[in-house]
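Order of the sequence lines sets the chain letters (A, B, ...), proteins ahead of strands, with each chain counted from 1. What you are looking at is a predicted structure, and each value in this text was computed from that prediction instead of being measured.
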Protein chains: 2
Amino acid sequence: MTDPLLQDAAETEEAQAATKQAVFNAAERLFALHGFQNVSVRDITAEAGVNLASVNYHFGSKDALLFEIFRRRTSELNRERARMLHEATSRHGGKPPVRDILECYFAPPMRWAAPDNDRRISMQFIIRARSEGTAEMREVLKTDVSHLERFAGALMAARPDLPKEDVYWRLHFVLGMVHNNRFAEFDRLHHLSGGLTREGDVEALLRRMLDFAEAGFLA
Amino acid sequence: MTDPLLQDAAETEEAQAATKQAVFNAAERLFALHGFQNVSVRDITAEAGVNLASVNYHFGSKDALLFEIFRRRTSELNRERARMLHEATSRHGGKPPVRDILECYFAPPMRWAAPDNDRRISMQFIIRARSEGTAEMREVLKTDVSHLERFAGALMAARPDLPKEDVYWRLHFVLGMVHNNRFAEFDRLHHLSGGLTREGDVEALLRRMLDFAEAGFLA
DNA sequence: CTTGGGGTCGAACGTTCGTTTGAACGCGAA
DNA sequence: TTCGCGTTCAAACGAACGTTCGACCCCAAG
């Protein structure tokens, strides 16, 4: 609990076994780097320096471990987005402009993914979960859209003249912009542009994204 | 060769064995529907109605089969894009406007993915290959950017005032919009909007995408 | 000291996987 | 007819996987 290595000390369950934490962290890291199917329980326990049976003892199964990481990280990310949106709403007297709304959605994942951020690996995990997750995770992604509803509502309030249908579609396009920010895509872009594009300056990239998305939304 | 079942009669290799074609089609279908890792060689050969050893005999390995499907479909798609861009270029006297350039990139995958199109399953395969492909396929995706260079060049010509760096980044955003058009995302959006958004009308969706992307590019 | 239970350990289980093997088959050429 | 070759077949191989098992360890409660 007072161990500085435990990044997630503030847990709902209080006294996490050190083994469980080690498995959690190792699994998140390996899954993020190599994908779910390409990482075995043996890889995880070896990386964590624990016994092979630890995964099934503490989490029930490999899939359940995966799901628990996914659930924790996505809820943290969406909570941060909701917090920013709430703040922007009160800052603008209940009706923030399009650009500010989009920033609340863009900024958290972008900043998490910054090269020097501890959460970078968590962000990479979430990105991978979107396309390689289990059926259970995909069901959650499809069904649990409560956090998106907040943003859709805010956007409709910011552009009451636009038909709701258009707001949803443009939100869809915006989601695509965010989800495409994988490391592999940055590499490809870097290769294409001959090294002209650099992902180092997160805030500058965030500004670029907002310029593009805001213009698209106000079209 | 005159068999109407052979969709890809015009091949570089002339006399394809019926078994090889059956394996190719079954593999593409199953991979597109369930993902690479979730489909076994036994599943493929059972679906194709051929012997288990056929995959290794005709393609060398499961990975090689996967790569051959990937190579064929992506080259077909990019050839179609290049054809449209070439036509648009000559139609506009060498310098097509942004919207027309983007349409050349958007239209082929969108139309392939239309519910009544035979290529729908191929498009789904390509989409899956982007995130679940083997290391070899990812290397091709990253390295082979020649087809993107054509579009980057056309966009720079259409907006010579914009710094090249910005063109690349905005192209990156546009790619995100296209790549996000997976069936799962449409389902999610449909769920979020309460059935308001329908993907049935491809041309209408294409117009929406162009409205958004064009505005973003002209910002 | 004794007891009990949460945690860890090495070892194994049963399944599934991609691939290989060697025999059999079909058919045009010699 | 006989040969040769491309193709198909049933069967098996060896490896890797997620999971389970029973013994063992530690430490606090009785």
Side-chain angles (χ1 to χ4, degrees), chain A residues 1 3 5-6 11-31 33-70 129 132-137, chain B residues 1 3 5-6 11-31 33-70 129 132-137:
Chain A
M1 288 175 287
D3 188 339
L5 288 178
L6 298 184
E11 289 302 322
T12 54
E13 328 204 350
E14 42 193 78
Q16 283 272 14
T19 298
K20 188 169 183 179
Q21 267 298 327
V23 168
F24 186 100
N25 291 335
E28 178 179 36
R29 205 181 97 84
L30 292 181
F31 284 151
L33 292 178
H34 307 114
F36 299 145
Q37 312 252 33
N38 298 320
V39 172
S40 68
V41 175
R42 283 167 178 82
D43 293 331
I44 298 170
T45 52
E47 168 99 354
V50 301
N51 185 266
L52 171 62
S54 302
V55 166
N56 291 277
Y57 179 80
H58 285 286
F59 296 93
S61 69
K62 182 190 177 184
D63 280 4
L65 162 61
L66 215 127
F67 189 74
E68 188 161 325
I69 304 175
F70 168 74
E132 300 178 42
T134 64
E136 192 181 10
M137 294 163 64
Chain B
M1 288 172 285
D3 189 337
L5 289 179
L6 298 184
E11 289 302 321
T12 53
E13 328 202 350
E14 42 192 77
Q16 283 271 15
T19 298
K20 189 170 182 179
Q21 267 299 328
V23 168
F24 186 100
N25 292 335
E28 179 179 35
R29 205 181 97 83
L30 291 181
F31 284 151
L33 291 178
H34 307 114
F36 299 145
Q37 313 251 32
N38 298 320
V39 172
S40 68
V41 175
R42 285 166 177 82
D43 293 332
I44 299 171
T45 52
E47 167 100 353
V50 302
N51 186 267
L52 170 62
S54 301
V55 166
N56 291 277
Y57 178 79
H58 284 286
F59 295 93
S61 69
K62 182 191 177 184
D63 279 5
L65 162 61
L66 215 126
F67 189 74
E68 189 161 324
I69 304 175
F70 168 74
E132 301 177 41
T134 64
E136 193 181 11
M137 295 164 63

Taking the side chain as every heavy atom from C-beta outward, state whether A:Phe31 and A:Ile44 have any atom pair closer than 4.5 Å.
yes
Trace of the side-chain contact (heavy atoms from CB on, under 4.5 Å) decision for B:Leu65 with B:Glu68
CA-CA 5 Å; B:Leu65 162 61; B:Glu68 189 161 324; 5.6 Å; no
Output for pair (B:Glu28 CD, B:Leu33 CG), nearest 0.5 Å, gives 10.0 Å
Here the residues of residues 39-50 of chain B within 4.0 Å heavy-atom distance, strictly under, of DNA chain C are B:Val39, B:Ser40, B:Val41, B:Arg42
Sorted by first residue and then second, give each side chain to side chain donor-acceptor pair (under 3.5 Å) pair with at least one member in residues 50-67 of chain A; sequence neighbours left out.
none
For a quick test of reading the model, state the closest non-hydrogen atom pair linking B:Ala48 to B:Ala22 and the distance between them.
CB-O, 3.5 Å
Run the salt bridge (charged side-chain N to carboxylate O under 4.0 Å, His left out) test against B:Glu47 and tell me which residues pass, sequence neighbours left out.
B:Arg29
The contact string for nucleotides 20-26 of chain D, one letter per nucleotide 5' to 3', using protein heavy atoms under 4.0 Å with B, S and - for base, sugar-phosphate only and none, comes out as BB-----
Hits for side-chain contact (heavy atoms from CB on, under 4.5 Å) against B:Ser40, two or more places apart or cross-chain, chain-then-number order -> B:Arg42, B:Asp43
Just N and O in the side chain of B:His58: are any of them under 4.0 Å from OP1 or OP2 of D:dT8?
yes
Which atom names give the shortest non-hydrogen contact between A:Phe70 and A:Ala129, and what distance separates them?
CD1-CB, 3.7 Å
Which is the 5'-most and which the 3'-most nucleotide of DNA chain C that has an atom under 4.0 Å from a heavy atom of chain A?
C:dG6 to C:dA12
For B:Ser61, report the nucleic acid contact type (base, sugar-phosphate, nothing); a contact means any heavy atom under 4.0 Å.
sugar-phosphate
Closest non-hydrogen atoms of A:Phe36 and A:Glu132, given as atom of the first, atom of the second and distance, are CD1-O, 3.2 Å
